[in-house]
J.: 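I am attaching a structure below and will ask some questions about it afterwards.
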Amino acid sequence: MGQISGGALVARMLRDEGVEVVFGIIDGSYFGLYGSLRDVGIRLVTPRHETSAVHMAGAYARLTGKLGVCIASNGPGAANALAGVAVESGEGNRVLLITSWRRSPIVNPDRGGTYQYFDQVAVMRPMSKWSEAAESFERLPELTRRALRQSHLGRPGVVHLCVPEDIVNGAFDDEGLALPPPERYRRSTPTAAPELLVREGADRLVRAEHPMIHAGSGVLHSRASAELLEVAQLLQAPVTTSWAARDVIREDAPVSIPMNLLELNTKVRNAADLVLALGTRFGETDWWGKPPYWRSADQQALIQVDLDEDALGQNKPVDVAVVADIRAFLAALLAELKARPASPNSAQRKAKLDAYAVEKTKARATLDEMLGRETQLVHPAHVPHVCQRVFDDDAVLVADGGNTSVWANMFHEVRAPHSMLSTFKFGMLGAGVGQALAAKVAAPERAVYCIIGDGAMGFHSQELETAVRNDLPVVFLVLCDKQWGMVKVNQEIALDAKTTLTEGALPADQTINTDLCETRFDLLAESMGAVGERVSRNEDLEPALRRCIAAGRPAVIHVDVDPVAHKFAPHLADFKQMHLEPGGV
Ligand SMILES: Cc1ncc(C[n+]2csc(CCOP(=O)(O)OP(=O)(O)O)c2C)c(N)n1
Ligand SMILES: [Mg+2]
């Protein structure tokens, strides 16, 4: 008989789940946990803010398909983690957050005045998939299993397990302690689609005149990019994606309709008589699946596949509702489709795809005209454009910031699945810094770069020290317009549209708190041991970028962008429209 701490027990269970890395900041209140990680071969990566730890776990999970694990200590650590919990739940990333808590006898019930205590379990409950405290060592294995089961159930999101300090750090007899392997406490096979529904789906997809596929993050989480491409090619069906799932497919594939070509997306979505929707909720950035952005539901049938039954028919009426893992569904569908003769509508589908390809090229060329615009400082479109040329196709792009994200998205083309990160649902300024570092942890062999606004970078620039300390050579390109650009342009238009559009800006004293002082992000980077570069002209960007890559160290390029050109990012008016509730079904 030996002794074991609650923390060591949790560490062993994480190891048995295949966890290789945990993100979080240390504290005595859970020494038993983080002090045991090395013993079981798990790496601890420590950022400079708990919310970064949660974003890191989310980005790691999204890129690898594994569970992302993070920790935060009682009171202040848990409080700092809250923003990350909200965002990663919203984005739907598979994150397990383990926190410490003050010992049960003093917090149960709270007497008021307890040091570093708030009811973090209750606060996180509505923000997460599941939030509980393990208040005895005896129940710790069961509750940890439950947390791990919840982590793999339905739509991914954040699961929170809290372990009080006396349990996580205390010593307990390990007699009779049995730790069954994961397959004995949670489902370890994907949820298969009912055969009948797969057959019905295949029938409809063969019969339809112009079927299309709309892919959401569920395709990424089930790692079904290859199956998606094969099904689309077989059906000759165009593929649109949700914003968050842009990187499910190479955008130069003939079936891909890139998410940044808005008019073409609307056209495709209005031409289709059948939609195969995979792992998407048809949220606001999908224009809710409604007219005029989509054909009305009485002329457009829907086959919807999701692990979350509640998503089926939620925003768009559904005709074939399938609860299944996307990859399992697509594999079954492929087998069904291959066993049938090709669609009688193949020729007209092919003609339509060819026509879309012409429009795709035209729409891209129209956008690219912006690259020819002369500005004194760097034109923002130039930054993603140069990055695309310099980095390999499988490099990971992280987009963060207001207009900066729009520019990055508009001038980037996805060339490999699983190659983009952002907070597409939340637009959470600053989250990209942690995401980029976690991407490098998840995929050290791939290049990682982050295009980020100067406002956004200000939220978490201290993580540059994390990059240096952990040897994570990410390149940050900070687009410096010295303003909260996206908010500024909207504010100026609201205050005086005419002057804004004719002069490019309102006098500074007429806007409300939209301007920022200059931060020298290159010098800030150098002060923390990273490489710093500053670029003010288009032609200087590529050489600076190449120097950063050659240095093989974390690097920051302070890019002085033209503040007026930067404000007028493409499609801002369309995005405003998007936030209005469209009518119809
Ligand atoms: C955490 C957070 N706070 C506030 C906002 C609201 N907001 C949206 S865009 C924006 C301005 C962003 O400025 P910057 O990062 O410099 O990007 P730019 O628009 O200048 O490219 C703000 C404040 C937000 N999205 N996230
Ligand atoms: Mg800015």
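This one's a predicted model, so the numbers in the text were calculated from it and none came from an experiment. Every number for a ligand or one of its atoms is a count from 1 in the order of the listing.
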J.: Do ligand 1 and Met486 have nitrogen or oxygen atoms that lie under 3.5 Å from each other?
T.: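 N/O-N/O distance below 3.5 Å exists for this pair.
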J.: Tell me, with the steps shown, if His558 and Glu533 meet side-chain hydrogen bond (donor to acceptor under 3.5 Å, both in side chains).
T.: CA-CA 6 Å; His558 177 117; Glu533 291 269 2; over 6 Å; no
J.: Using 4.0 Å as the upper bound for N to carboxylate O, is an ion pair formed by Lys425 and Glu284?
T.: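 No, this pair does not count.
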J.: Could you tell me whether some N/O pair between Gly455 and ligand 1 is separated by less than 3.5 angstrom?
T.: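 By distance alone, the answer is yes.
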J.: Strictly below 4.0 Å, N to O, side chains only: are Lys360 and Glu251 in salt-bridge contact?
T.: no
J.: Flag the pair Arg534 and Glu518 as a salt bridge only when some basic side-chain nitrogen lies within less than 4.0 angstrom of an acidic carboxylate oxygen.
T.: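 Yes, Arg534 and Glu518 are salt-bridged.
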J.: State whether Arg469 and Glu465 are salt-bridged, where the test is any N-O pair (Lys NZ or Arg NE/NH1/NH2 against Asp/Glu carboxylate O) under 4.0 Å.
T.: yes
J.: Any ion pair linking Arg281 and Asp308 (charged N to carboxylate O, less than 4.0 Å)?
T.: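 No.
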J.: Does Arg43 qualify as a cation-pi partner of Phe23, given the criterion of NZ or CZ under 6.0 Å from the six-membered ring centre and within 45 degrees of its axis?
T.: no
J.: Salt bridge or not between Arg415 and Asp392? Use side-chain N to carboxylate O under 4.0 Å.
T.: no
J.: Return yes or no for this condition: an N or O of Gly485 is under 3.5 Å from an N or O of ligand 1.
T.: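 Min N/O separation from ligand 1 is below 3.5 Å for Gly485.
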J.: Out of all atoms in ligand 1, which are within 4.0 Å of some heavy atom of Gln483? Include the element for each.
T.: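 So the answer, numbered in order with elements, is 16 (O), 20 (O).
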J.: For ligand 1 and Gly402, I'd like to know whether there is a polar contact (N/O to N/O, distance under 3.5 Å).
T.: yes
J.: Using distance alone, determine whether Gly401 and ligand 1 share an N or O pair under 3.5 Å.
T.: no
J.: Give the atom numbers and elements of ligand 1 that come within less than 4.0 Å of a heavy atom of Asp481.
T.: 20 (O)
J.: When you check the gap from the basic side-chain N to the acidic O, do Lys482 and Asp454 get nearer than 4.0 Å?
T.: no
J.: Ignoring waters, how many protein N/O/S atoms are under 2.8 Å from the Mg ion (ligand 2)?
T.: 3
J.: Should Val487 be counted as touching ligand 1, given the test is an N or O pair under 3.5 Å?
T.: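 No; the residue has no nitrogen or oxygen that sits under 3.5 Å from a nitrogen or oxygen of the ligand.
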J.: I'd like to know if Glu20 pairs up with Lys66 as an ion pair, taking the criterion as any Lys NZ or Arg NE/NH1/NH2 lying under 4.0 Å from an Asp or Glu carboxylate oxygen.
T.: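 So Glu20 pairs with Lys66 through a salt bridge.
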J.: Against heavy atoms of Asn403, which atoms of ligand 1 measure under 4.0 Å?
T.: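 Those atoms are 18 (P), 19 (O), 21 (O).
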J.: Please confirm whether Met457 comes under 4.0 Å of ligand 1, counting heavy atoms of the residue only.
T.: no
